[in-house]
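We're numbering straight along the sequence, starting at 1.
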Amino acid sequence: MTPAEASNIVLGPLLEMLNGAGSLTDDMTGYGASLLAVLAGVILSWNGIKIAMEMSSINETIGKFVNLILVVSITFLLFDNYDEFFSPNGILISGFDVLASTFGMGSFEYTIKQVVGNFFTLAAKIMGIANIESTTGGSTLPATPEEGGLFETMKNIGPAIGGLIDFLPALILRAAAAIVTIIAGAIFAIQMLMSQIAIVIGAIIGPIMIPWMLIPATSFLFDGWLKFMITAGMWKVVGAIIISLVTPALNSTAQKIADMEIGKTAFGEQTLLAMGCLILAFVFAVMMSKIQELASALIS
């Protein structure tokens, strides 16, 4: 199975789930419209009476009315253009996609396909199976035993076993580094999925959160929702930055391992290089797990 086929298997159900959430947003828009009408009527009536009763000067009264009308107008503007501003494909989230694309990522679908392909390729390089013509690193396939009878075959078994034991630690470390690399890619894919789910959830409940900005005492609901949306979008940017920082180093180390020949490279050198690759992969996995925490810290 190719990385592209694997990514399609993963992406199919996820995209179907995320696309199906659009109908829920339409349902919430109806409730939000009713809530906005009620709150707008209440706030205009209450503040209109309050301003009229507290009238001290014409200029001050006009200023308060202008401020009230401005807040109501902005609220209606955001609500009426909700899809354009706050939907998963709206201006707010698209802006984060543009920032992420600067570091090699982008939309959810494109990002997952890139991650699956890149990390499977990295794992293959670490294990030395990136190229069909080689099995480990750049080493050539074992030569076909020459005809020499059973005695010649038995005579070559000892050196072969000894060579395998010498390079066994490097092979184990390479296998561990490849596994950790795939795990790091999986963690990143899960983080990006959680980011997209958070965006979709925020988009669904958005129409019933915007009207609350009309009332100063309840405007924290709108502020919290907007911060939630910004944080979810920031996950992509932080993840893309981490990818752009760590992947070149890991790819360079994996390529050095892939270019080594088992029989011609000192086993100590192979072991140290494989250990370095394992450490890099582990650091990468830890950084991937901190994406949400880093994004939240930036916003706060």
From Met209 atom CE to Leu226 atom CG, the distance as rounded to the nearest 0.5 Å: 10.5 Å
Pairs touching residues 275-296 that satisfy side chain to side chain donor-acceptor pair (under 3.5 Å), sequence neighbours left out: none
Donor-acceptor contact below 3.5 Å, side chain Ser195 vs main chain Gln191: no
Residues which pass ring pair (Phe, Tyr, Trp, His ring centres under 6.0 Å) with Trp225, listed by chain and number, not counting sequence neighbours: Phe86, Phe222
Within-4.5 Å side-chain heavy-atom neighbours: Phe103 and Ile242: no
Contacts of Ala198 that satisfy side-chain contact (heavy atoms from CB on, under 4.5 Å) - sequence neighbours left out: Phe228, Ala232
Distance (rounded to the nearest 0.5 Å) between Ile299 CD1 and Thr231 OG1: 4.5 Å
Cluster overlap Leu77 with Val71, hydrophobic side-chain contacts below 4.5 Å: no
Sequence-distant partners of Lys227, salt bridge (Lys or Arg N to Asp or Glu O under 4.0 Å), two or more places apart: none
Inter-residue atom distance Ile183.CD1 - Ile190.CD1, 0.5 Å rounding: 10.5 Å
Under 3.5 Å: donor-acceptor pair, side chain of Tyr82, backbone of Ala203: yes
Interatomic spacing from CG in Leu122 to CG in Leu250 - rounded to 0.5 Å: 5.0 Å
Minimum-distance pair of heavy atoms, taken over all atoms of Ser87 and Ile93: O-CG1, 3.9 Å
Taking every non-hydrogen atom, the tightest pair across Ile208 and Met28: CG2-O, 3.9 Å
Nearest-0.5 Å distance, CG of residue Leu78 to OG of residue Ser73: 11.0 Å
Test side chain to side chain contact (heavy atoms under 4.5 Å, CB included) applied to Val283 and Val246, step by step: CA-CA 9 Å; Val283 170; Val246 182; 5.7 Å; no
Atom pair CD1 (Ile210) and CD1 (Ile205), whose distance is rounded to the nearest 0.5 Å: 11.0 Å
Pairs where residues 278-298 contributes a residue and the test ring-ring contact (aromatic ring centres under 6.0 Å, His included) is met, not counting sequence neighbours: Phe119-Phe284
Pairs satisfying salt bridge (charged side-chain N to carboxylate O under 4.0 Å, His left out), at least one member in residues 76-89, at least two apart: none
From CA spacing to verdict: side chain to side chain contact (heavy atoms under 4.5 Å, CB included), Met192, Ile291: CA-CA 9 Å; Met192 294 301 98; Ile291 289 177; 4.2 Å; yes
Over all atoms of both residues, closest heavy-atom pair of Thr181 and Ala281: OG1-CB, 3.5 Å
Hphob cluster co-occupancy, Val72 + Val38, side-chain heavy atoms under 4.5 angstrom: no
Residues forming a side-chain hydrogen bond (donor to acceptor under 3.5 Å, both in side chains) with Asn89, sequence neighbours excluded: none
With sequence neighbours excluded, residues passing side-chain contact (heavy atoms from CB on, under 4.5 Å) with Ala285: Val180, Ala184, Ile187
Single-linkage hydrophobic cluster, 4.5 Å side-chain cutoff, Val42 and Leu36 together: no
Contacts of Phe220 that satisfy side-chain contact (heavy atoms from CB on, under 4.5 Å) - sequence neighbours left out: none
Joint cluster assignment, Leu298 & Val98, ILVMFWY side-chain distance < 4.5 Å: no
Pairing residues for Ile215 by the side-chain contact (heavy atoms from CB on, under 4.5 Å) criterion, not counting sequence neighbours: Leu39, Ile43, Ala217, Thr218
Where at least one partner belongs to residues 232-251, residue pairs that pass side chain to side chain donor-acceptor pair (under 3.5 Å), sequence neighbours excluded: Asp97-Lys236, Lys125-Asn251, Gln196-Lys236
Sidechain-backbone polar pair: Ser94 side chain, Ile91 backbone, donor-acceptor under 3.5 Å: no
Worked verdict on Leu92 versus Phe96 for side chain to side chain contact (heavy atoms under 4.5 Å, CB included): CA-CA 7 Å; Leu92 178 64; Phe96 289 111; 4.0 Å; yes
hydrophobic_cluster_shared for Ile182 and Leu280, side chain cutoff 4.5 Å: no
